[in-house]
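All remarks here apply to the structure that follows.
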There are 4 protein chains.
Amino acid sequence: MQSRTRAPRATGRPRSAAADAAILAATREALVELGWSKLTLGDVATRAGVAKTTLYRRWAGKNELVVDAVAELFDELRLPDRGSLAADIEGVVLQFAAILARPEAACGLMAVVAESTRDDALRARIRTSVVEPQKRLVLQGRERAQQRGELPPESDPAEAARTVDLIFDVVAGAVVHRTLVSAEAADEEWVRGFTRILLVGLTS
Amino acid sequence: MQSRTRAPRATGRPRSAAADAAILAATREALVELGWSKLTLGDVATRAGVAKTTLYRRWAGKNELVVDAVAELFDELRLPDRGSLAADIEGVVLQFAAILARPEAACGLMAVVAESTRDDALRARIRTSVVEPQKRLVLQGRERAQQRGELPPESDPAEAARTVDLIFDVVAGAVVHRTLVSAEAADEEWVRGFTRILLVGLTS
Amino acid sequence: MQSRTRAPRATGRPRSAAADAAILAATREALVELGWSKLTLGDVATRAGVAKTTLYRRWAGKNELVVDAVAELFDELRLPDRGSLAADIEGVVLQFAAILARPEAACGLMAVVAESTRDDALRARIRTSVVEPQKRLVLQGRERAQQRGELPPESDPAEAARTVDLIFDVVAGAVVHRTLVSAEAADEEWVRGFTRILLVGLTS
Amino acid sequence: MQSRTRAPRATGRPRSAAADAAILAATREALVELGWSKLTLGDVATRAGVAKTTLYRRWAGKNELVVDAVAELFDELRLPDRGSLAADIEGVVLQFAAILARPEAACGLMAVVAESTRDDALRARIRTSVVEPQKRLVLQGRERAQQRGELPPESDPAEAARTVDLIFDVVAGAVVHRTLVSAEAADEEWVRGFTRILLVGLTS
DNA sequence: ATATAAACGAGACGGTACGTCCCGTCTTCCC
DNA sequence: GGGAAGACGGGACGTACCGTCTCGTTTATAT
């Protein structure tokens, strides 16, 4: 999740592993209490029981830190096996909605996406750390549906990849918009309606 | 678009109408050049040739100012009459994508949405100023499709309203996600694929 | 004493005159309590009941601030009329020693002199604000002694100027060294001995 | 010069003697280039090719380090034998002025003196390491003048000691003030004038 | 020769102050 | 009374060093 790969240095005091975890946890805590714009790195450092310099030694700024803090939240997504493609989709969409209902996820994610409109490196980091890893869910779902015979095996791999991306944009986009812009809960009823449209569109 | 209602005062120098326009234009210009996080109200005031006090007299802060500045961008959306529901949808989605491709729209909109996750008044303002007015497009599209006989007249008004909201979330969400998160253009090909799924799902 | 001359601006809020005085007083207070090296501008600002920015708007840094704060201390030096040149000198030297015995004068003055060894602009500022104004004491003393007939009128003006500088260096240097390096009080006895040597050397 | 006394340990790696010299030399080099206030111990350690911990193991801080670094500079002072007391004094004063003209001596010495106004231990260290050892010059000079018959043998030892201190304060103070405050070279002409006054005062 | 123990380099650590930037408010003068 | 100008109190920024610490490594002596 954390893309900072550092060759383990041969010499000098090694970095505290505990500090990383404490900082990310403190970041999420601060996001909940203060939101993005009132979150300060000094405050995060204090909450984590860490010096500001330690924080800056590991993350370049607020954006990078929050990406990592938020990314961990989405790692808990799992594709449930509920017996049918529709039910599986509903299950994972509900999980996604549940995560987005958490304030640290919502405000952290939207803030870094907003920032990324002017920062290509940040956008790449978001995709690498947050978005791309979750496409596994779409792939798993399709595979399982194919095994069940609900979907035919794909014939054109390129077309299949495009479809994965399309589905992902539609699902993620719709849930985010419903939750954060329309400010209505993506509850079971809504998810059912949404899934029906999506699935009909895909299987016809 | 601007919710600041001020009773026309009987006495004293009236507020310059030109200043409002200059400030909003300067805000969009600054958004393009600097992005949300580096945009400062002092800079906007300078660009607009206006004192900082004048700006604060009219807007409560950065959020409100940017909402107003961005809202104007979406007012130019029009539902084209291209002969079929599918073509109409494609047309308006392409328009929407074109607006979102402008940096001031993308970064301004996402930033205020991000802020609104912690500020209900701001979210309400966004919905009132930016989102709700555009639902007219969905309504117009459905009406026109019904006149053409492409869609049946709705039987249940409540269900119909829910569908409008669902469509809006799916369309707006998918385009935003495609453009800003996946960072790929919502071009004609993509819009065609997206519209097909949406329409099949809706009409089946 | 304060060399910051600023053309009175036609527009905008004028600078607070009270702030200047409060800052200089706070600086002296902090010098007494903390000394030069532990004196921080943030702390001075707090003591003065002033924002750090206000302080930085008026002084470029710690050095300049302390020069101004210390300079005021030496303005209270007066040449007493005690009836003879020797007594006059003793009187003013004792006054000088008394000021140097104050910790804010000693540590502030020495610190800026130390800094000035690497900063010509600062040295010039010290001379203009602190040192040169006090040469008036030597001039007054000589004039008065000439009126009394204790000293002959000077024949060579250039030589006379050189002598003023020499006397100043000897007096100021000796008192400073006695007080701060040897760390012994420049008391009446010491001043008497010192004045005797100086005066014999000058009048012979 | 270095007051750090450490009991010779029976075992373990002994401290590098070369490191001490390298550190003091690096300190003087850094004083020349950066001056006191911008000199950092980390930088000195780097210049000396030594770890910061090694430096801290031997000196308590910047003050102590610079005292030792500067003290070495004044050890090279020698009382020349130029045939007369006046000439001897002129010679040694010129030497002293030459050392003070070196930036590392001037800025290092003044800085620690400034610090010592708030730190009695530091002042004691300065006197022990830098000042007192040089009083030998005054003693030697008097002794030699007495042998030449230029000065009478002292009658009152206490009075004689007081005179040594007075002379030392006057000489050191005047040269320092001339060089660092008045910022004029203590050249041969000035030294001649100064010595004349001093000597007349002393011998009359 | 080998174990012991201190010195060493490297660099991360908690911490403090820096000087800057911007905030949102205020005070002044001008129209 | 509106508006331009700009000073004000305040808060966070990201950086630079501080002096301490924790590593792994090196280097003398004591066994």
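Quick note on labels: first sequence line is chain A, next is B, and so on, each numbered from 1. Here the structure is a predicted model, which means the values were calculated and not measured.
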To the nearest Å, how far apart are [X] [atom1] and [N] [atom2]?
| X | N | atom1 | atom2 | result |
| --- | --- | --- | --- | --- |
| B:Trp59 | E:dT25 | CH2 | P | 16 Å |
| D:Trp36 | F:dC18 | CH2 | C1' | 13 Å |
| A:Asp20 | E:dA12 | CG | P | 13 Å |
| A:Leu34 | F:dG11 | CG | P | 15 Å |

So what is the end-to-end bend of the helix from E:dA1-F:dT31 to E:dC31-F:dG1, with 5 pairs used at each end and the value given to 10 degrees?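 That helix has its two terminal axes inclined by roughly 10°.
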With [X], which residues qualify under salt bridge (charged side-chain N to carboxylate O under 4.0 Å, His left out), at least two apart?
| X | answer |
| --- | --- |
| A:Glu104 | A:Arg102 |
| B:Arg47 | B:Glu29, B:Glu33, B:Asp43 |
| D:Arg118 | none |

Tell me, do [X] and [Y] make a side-chain contact under 4.5 Å, heavy atoms counted?
| X | Y | answer |
| --- | --- | --- |
| D:Arg58 | D:Arg15 | yes |
| B:Val113 | B:Leu109 | yes |
| C:Asp20 | C:Trp59 | yes |
| B:Leu24 | B:Leu65 | yes |
| C:Trp36 | C:Met110 | no |
| C:Lys62 | C:Thr40 | no |

Side-chain N or O of B:Arg57 less than 4.0 angstrom from OP1 or OP2 on E:dG24?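 For B:Arg57, the contact criterion (side-chain N or O under 4.0 Å from OP1 or OP2 of E:dG24) is not met.
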F:dG6, OP1 or OP2 - any side-chain N/O from C:Arg15 closer than 4.0 Å?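 No, because none of the side-chain N or O atoms of C:Arg15 sits under 4.0 Å from OP1 or OP2 of F:dG6.
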For the student: nearest non-hydrogen atoms of C:Leu55 and C:Leu41, plus distance: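 In this case the closest contact between C:Leu55 and C:Leu41 is CD1-O, 3.7 Å.
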Grab the two heavy atoms, one from C:Thr27 and one from C:Ala69, that are nearest each other, plus how far apart they are.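 For C:Thr27 and C:Ala69, the tightest heavy-atom pair comes out as CG2-CB, 3.8 Å.
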Residues from residues 38-56 of chain D lying under 4.0 Å of DNA chain E - heavy atoms: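 Under 4.0 Å from DNA chain E: D:Gly49, D:Val50, D:Ala51, D:Thr53, D:Thr54.
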Identify, between D:Ala19 and A:Ala17, the residue whose nearest nucleotide on DNA chain E lies closer to the 5' end.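 Comparing both residues, the 5'-ward one is D:Ala19.
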For nucleotides 25-28 of chain F, tabulate all protein N/O to nucleotide N/O atom pairs closer than 3.5 Å, reporting atom names and distance.
{"unit_1": "F:dT26", "atom_1": "O2", "unit_2": "D:Arg13", "atom_2": "NH1", "d": "3.0"}

